[in-house]
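All chains are named by letter (A, B, ...) in the order of the sequence lines, taking the proteins before the strands, and each is independently numbered beginning at 1.
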Amino acid sequence: MSISTKYNPKEVEQKWYDSWMQRGFFRSTPNPNKEPYTVVIPPPNVTGVLHMGHMLNNTIQDILIRRARMQGKEACWVPGTDHASIATEAKVVAMLKERGIEKKDISREEFLKYAWEWKEKYGGIILDQLKKLGASCDWDRTRFTMEEDLSAAVIEVFVDLYRKGQIYRGVRMVNWDPLGGTALSDEEVIPKDTMAKMYHLKYELVGDDAEGGFLTVATSRPETIMADVAVAVNPNDERYKHLHGKQVRIPLLGKVIPIIVDEYVSIEFGTGALKVTPAHDLNDYELGQKHNLPIIDILNDNGTLNELAQLYVGQDRFAARRNIVKDLQEAGYLVKIDEYPSIVQTSERTGAVIEPRLSMQWFCKMDKMALPALEAVMNDDIRLYPPKFKNMYRSWMDNIRDWCISRQLWWGQRIPAYYLPDGSFVVATTDAEALEIARKKTENPDLQLTDLRQDEDVLDTWFSSWLWPISVFDGFKDPDNKDILYYYPTNDLVTAPEILFFWVARMIMAGFEFRNEMPFRNVYLTGIVRDAQGRKMSKSLGNSPDPLDLIEQYGADGVRAGMLFSSPAGNDLLFDEKLVEQGRNFSNKIWNAFRLIKGWEVDENLPCPNETAIQWFDARFNEAFIQLEDHFEKFRISDALLAVYKLVWDDFCSNYLEMIKPAYQQPIDARTIEATVGFLENVLKVLHPFMPFITEEIWHELKTRKDKEFLIVAAWPKKDKLDKAITEQMEAVLNIVGAIRNIRNSKNIPQTKQLDLSIKIVSDNKYDAFLSIITKLANVKEISFVQDSLDGAISFVEAGDEFFIPMEGNIDVAAERERLTKELEYTKGFLISVAKKLSNERFVSGAPEAVITNERKKQADAEAKIKAIEQSLATL
RNA sequence: GGGAUGUUAGCUCAGCUGGUUCAGAGCACCUGCCUUACAAGCAGGGGGUCACUGGUUCGAAUCCAGUACGUCCCA
C-alpha cells in the first residue's frame, strides 16, 4: 500500500464537489417530516470578485449549513447576487467609454442592453468562485435582485407603501457628483484631508445710521455668495449685538439680505459671522428652514453656475471661484485669505468634489416600520451575535431618518411614478394601470400613455435587497406558496456589521411589514478581514491575497480552517498566510492518521489489549462533542474549530493512536480496528463542516460505501452522558507519562532507551488498567509497585502517589534536592493560603458549601503531596 | 462633542452570574530528536503585577468609580 505522506487537495476537491452536485445533496425541497434550516446568502455584487471577506463569510455559512444537513434538518442555502446599482453602472459606463461610447449619447434602453450583456458575462463569476470554496448552496435556487420576479416584488412593494402613505417625494440635501451626474449615498463619498482657503469678505451694512460700515464674513466658497440669503451671527456675540435686525449688501451683486441671529453660529470660527446659503450647504439649509429663508440654487447638474447666479453664469464652480476672488479683491471686498485644514468630500467613483445639493427625491418613512424591528431585537426574538451590537442597533433605530430611495441612475428598478402634463403624478405597477388611474384623476378619458412621463430615476439597491429573505422564495408573487411557508422565517444570517443598518435592519422591517414575521432568528456578524498589520485589505494597498491562489496552494480545506483559526464573532480578523498554512498542516495530520489506520493488517485471532484506551477515547470524544455543540449554539465558530482541532491532534493522534498502535509491522486485533475506524468516522463527521473535502475523501477511502452513503449526509453524532471517571483518570495517567518524558528530556536520555518505573501507592491501586498505556507512551520497560521510597532515583508525585525512575547511579543529588525543595516550598505556600482561608471565620460562614469542600480537598491533597516530597528528600 | 466598546504571554484571543493548583488556548519562541503515520512531524520547556489608581468583599482578571490609551457608531 502506498499512499502519499502528503495530502494533495487538488486531486480530490473538484471530484467531491462534482459528486455532491450530481447526487443533489445541496438541493432542498420542503419536507414536512424534517425541520427546515434556512440561510439566505448576503448577495454579493454582480461586479464583485471573491475577496477575503466573502471567503470568511461564506465559509461560516457553509459550516452552519453542513452541520444542519448532517443533523437531519432540511438544509437550504439560497445563493444569488445583487445588481448593485451604482457600482455596476459605473463599470458599464467605463466599459462603454473604452468602446468609445458615452452614456449621454445613448438611450436608456440601449444602455440597459449593454448592462445586461455585462451582467450575463461577468455576473456569475463570484458564484463560481464560491464553488471552489466548497459552498454547498442550492444552486438551482440562485436568484438575482434585478430578475423579473424580484423586480416585480420591488415595484409591488413601492406601490403598496406609497398607497399606505409610507412613501413620499421631498426635497433633500444630497451628495451630488457633478461629474457622474448622480446623487451618492454617504458610503460612496470619501473624505479627504486638505488645506482649504478661508476668504474674509466685507459685506456693506445697509441703513442710514450704518453708512460706510462693513461686516466681515468668512467663507471657503466665495463663488456661492450669489446664493446667500442672510448673514447669521451668534446672539451672544458682543461684537455684533448692535447689528441684530440690520441688513447687509452682498458684494458685487449688491443684493440686500438680512442679518439673522442663531446660536448655531460658532463665535470662534472665522469671524463669527456666517453667510447663509441654504441651497449649497446642509447646515445652512436647516438654518434657512428654521428662519423661513428662501432657497436660491445657483448651480447646474454639471457644476456650472446657472442664471440665478447672475454673475459668472456658465462657468464651472472652480473657475467661478478664481474669478470672483479676483473681482472681489479688485473691488476692495476681500480682507484677507487664511488657510486652514479641512476635509473635502469626493466621489468614490469619479473623484469629483462633492456638491451638497438640494434635490427632489423619493423617501420611505421609517418611524412606524422601525418600531417592531427595534422591539424584535431588543427582546431577543432576533439575536445578534455578538450581542454588543444591540446597543448600536438601538441607537440607530431610535434616531432613524427617512430613507432616501431614489438614485439618478438607469441600472435598477425604475420608479413606478408617472408624471402628468400638469406636473402631478400617479403611482402604479404597470403602464396600463398608471394610465387608468391618470384618466380617472384628470377625468380625461382621452389621456394617452404618451402623455405620461415615467420618473427617470431608479430605486436604491437596498430597496431590493431588503426584500431578499422573502423574495427569494417568491413570497410576494405567491404569498402562500409551499417554499415561503416552509423556509420562512429563515434561521441564521451571516453578514458584516457595516451593513447592520442598511441591510439587516431593513430586512427586519420588511419582514414585519410584508409577512408579519421576522426574516431570521440569528444574525452572526463577522469582522473585517485585515492584514497581519491590522490594515484593511484593499486593492490599492495590494495587501489582499487572491483567495483562489490560496485555495490552489493550500487547498480549500486549509484556507477554510485558516480563516477560522482567528475569527471570533464581531472581531476583526488579522489574516496571516501562516494561519492557512496551519490549516493545511492540519489536513496533513488527519491524512496521516488515516494512512496509519488504513495500513494496519488485522489478525482476527488476536485478543484486544486496548479496552481502556477505547473506553477512554469514547468518553473523551463525547466530552469534546458536548463542548463543540455548546460552541455552535453560541456561534463561537472559531472556538468550535479549535475544539475539533485539539480533539483530532492531541486526543486522537497524539494519545489514542499512540496507545493502540501495534509494534512495527505487527497486526492489530479486530476489536481495536473496528473501534478505531468508528472513532475516525466520528471525528470526520464533526470535522466535515469545517473541512468538507478531505473528510469526504477519507470517508470513502476508509470503507467501500453505498451509492448515497456520503459523509456530507452522514448522521451528526449524538450527545451521550459524560463519563468523568475515565477521562479524569486518564488525565492523571497522561500527567505521569508527561512527567516521565520530562525527566527523559531534561536528563538527555534518548527516546529509544527504556526506563523502569516504580510506583508507591498511598491509597488504593487505580493504575492496573493503565499500565500498558504508561509503558507504551513513556517507553517504560517494567513497572513495579513498591512499599518504600527508592534510592538513587528521580521521583515525582501525581495524585498523591509517588513515582520513581531509577537512574543507575548517575543522578545529580544536589540538583534533585534543589528541584524537590522548590516544589516543597511552593506546595507549602499553597497549603498555607488554603489553610488561611479555612481558618477565616467569615469565609467558612460566608462561602457556599461546595467551595468549602473544595478548599478542604485542596488542603488534604497538598498535605499528602508535602509528605511525599519530604520522604523523597529524605531518601535522596 | 455625544454614545458604545475594549485594554490578559511576543501575536491573536478565551476566561459565563466574584471562589478548583486560576492566570489559560492557538500560533510564535527555545531545547532535543529524520523514533517507518505524519519534519506540513515527534517529545519537552520558558514566557504575563490580567492598562493604571482607588473602592466594595472573607476573597477581584472578574463587580463599582476615576485616569490613560485604542477602536467603532452618531453628529
Separation of C11(B) P from Arg530(A) CZ (nearest whole Å): 17 Å
Pair Phe617(A) + Phe652(A): ring centers closer than 6.0 Å: yes
Expected output: side-chain Asp603(A) to main-chain Asp669(A) donor-acceptor under 3.5 Å: no
Any N/O pairs under 3.5 Å between the protein and nucleotides 22-26 of chain B? List them or say none.
| residue | atom | partner | partner atom | Å |
| --- | --- | --- | --- | --- |
| A25(B) | O2' | Lys646(A) | NZ | 3.0 |
| G26(B) | O2' | Gln582(A) | NE2 | 3.2 |

Separation of C73(B) P from Ile499(A) CD1 (nearest whole Å): 14 Å
Results of salt bridge (Lys or Arg N to Asp or Glu O under 4.0 Å) for Arg741(A) - residues two or more places apart only: none
Test item: Trp591(A) side-chain N/O and Ser4(A) main-chain N/O as donor-acceptor pair under 3.5 Å: yes
Arg560(A) vs Ile63(A) side-chain heavy atoms within contact, under 4.5 Å: yes
Pairs: protein N or O with nucleotides 40-42 of chain B N or O, under 3.5 Å:
| residue | atom | partner | partner atom | Å |
| --- | --- | --- | --- | --- |
| A40(B) | O4' | Asn585(A) | OD1 | 3.0 |
| A40(B) | O2' | Asn588(A) | ND2 | 3.0 |
| A40(B) | N3 | Arg584(A) | NE | 3.2 |
| G41(B) | OP1 | Asn585(A) | ND2 | 3.4 |
| G41(B) | O3' | Lys589(A) | NZ | 3.3 |
| C42(B) | OP1 | Lys589(A) | NZ | 2.5 |
| C42(B) | OP1 | Trp649(A) | NE1 | 2.8 |

C13(B) to C72(B) separation - P atoms, rounded to the nearest Å: 14 Å
Donor + acceptor pair across side chains of Thr676(A), Tyr656(A) (<3.5 Å): yes
Short side-chain donor-acceptor distance under 3.5 Å, Tyr7(A) and Glu697(A): no
Gap between atoms NZ and C1', on Lys747(A) and G44(B) respectively (whole Å): 13 Å
5'-most by nearest nucleotide on RNA chain B - Lys634(A) or Glu658(A): Lys634(A)
Side chain Ser587(A), main chain Gly583(A), donor-acceptor under 3.5 Å: yes
Comparing Glu498(A) and Ser746(A) on RNA chain B - which has the more 5′ nearest nucleotide: Ser746(A)
Same-atom distance (P) from U62(B) to G18(B), integer angstrom: 11 Å
Rounded interatomic separation in angstrom, taking CG from Asp576(A) and C1' from C27(B): 9 Å
Close side-chain approach of Ile660(A) and Trp600(A), heavy atoms under 4.5 Å: yes
Pairwise C1' distance for A28(B) and A9(B), with rounding to whole Å: 11 Å
Gln289(A), CD atom: more than 12 neighbouring heavy atoms under 6.0 Å: yes
Integer angstrom distance from the P of A25(B) to that of G15(B): 15 Å
Touch class at under 4.0 angstrom, heavy-atom based, for Arg636(A) against every strand present: sugar-phosphate
Pairing annotation in dot-bracket form, given for RNA chain B with Watson-Crick or G-U pairs under 3.5 Å and | for cross-strand partners: (((((((..((((.....[....)))).(((((.......))))).....(((((..]....)))))))))))).
Arg401(A) vs A75(B): side-chain N/O to OP1/OP2 distance below 4.0 Å: yes
Which nucleotide in G45(B), A37(B), A28(B) has an atom nearest any side-chain atom of Leu657(A): A37(B)
Ionic contact status for Lys598(A) with Glu701(A), cut-off 4.0 Å: no
Between the protein and nucleotides 1-9 of chain B, which nitrogen or oxygen pairs are less than 3.5 angstrom apart?
| residue | atom | partner | partner atom | Å |
| --- | --- | --- | --- | --- |
| A4(B) | O3' | Asn391(A) | ND2 | 3.2 |

Flag, side chain of Lys781(A) to backbone of Gln754(A), donor-acceptor distance under 3.5 Å: no
Euclidean distance, atom CD1 of residue Ile637(A) to atom C1' of A14(B) [Å, nearest integer]: 15 Å
Protein-nucleotide distance (Gln859(A), atom CD; U20(B), atom P), rounded to Å: 16 Å
Between G10(B) and G46(B) - C1' atom distance, rounded Å: 13 Å
Partners passing salt bridge (Lys or Arg N to Asp or Glu O under 4.0 Å) against Lys828(A) (at least two apart in sequence or in another chain): Glu870(A)
Integer-rounded Å distance: G32(B) C1' and Arg741(A) CZ: 14 Å
Asn234(A) (side chain) donor-acceptor with Gly272(A) (main chain) under 3.5 angstrom: no
N/O donor-acceptor pair under 3.5 Å between Asp557(A) side chain and Phe693(A) backbone: yes
Atom pair distance, as rounded to whole Å: CD1 in Ile743(A) and P in G45(B): 11 Å
Nearest-angstrom distance, C1' atom, G1(B) to G59(B): 42 Å
Integer angstrom distance from the P of U8(B) to that of C52(B): 10 Å
Anti or syn - G59(B), cut at 90° from 0: anti
Heavy-atom neighbours of Gln666(A) CD exceed 12 at 6.0 Å: yes
Span that lies between the C1' atom of A14(B) and that of G55(B), in whole angstrom: 28 Å
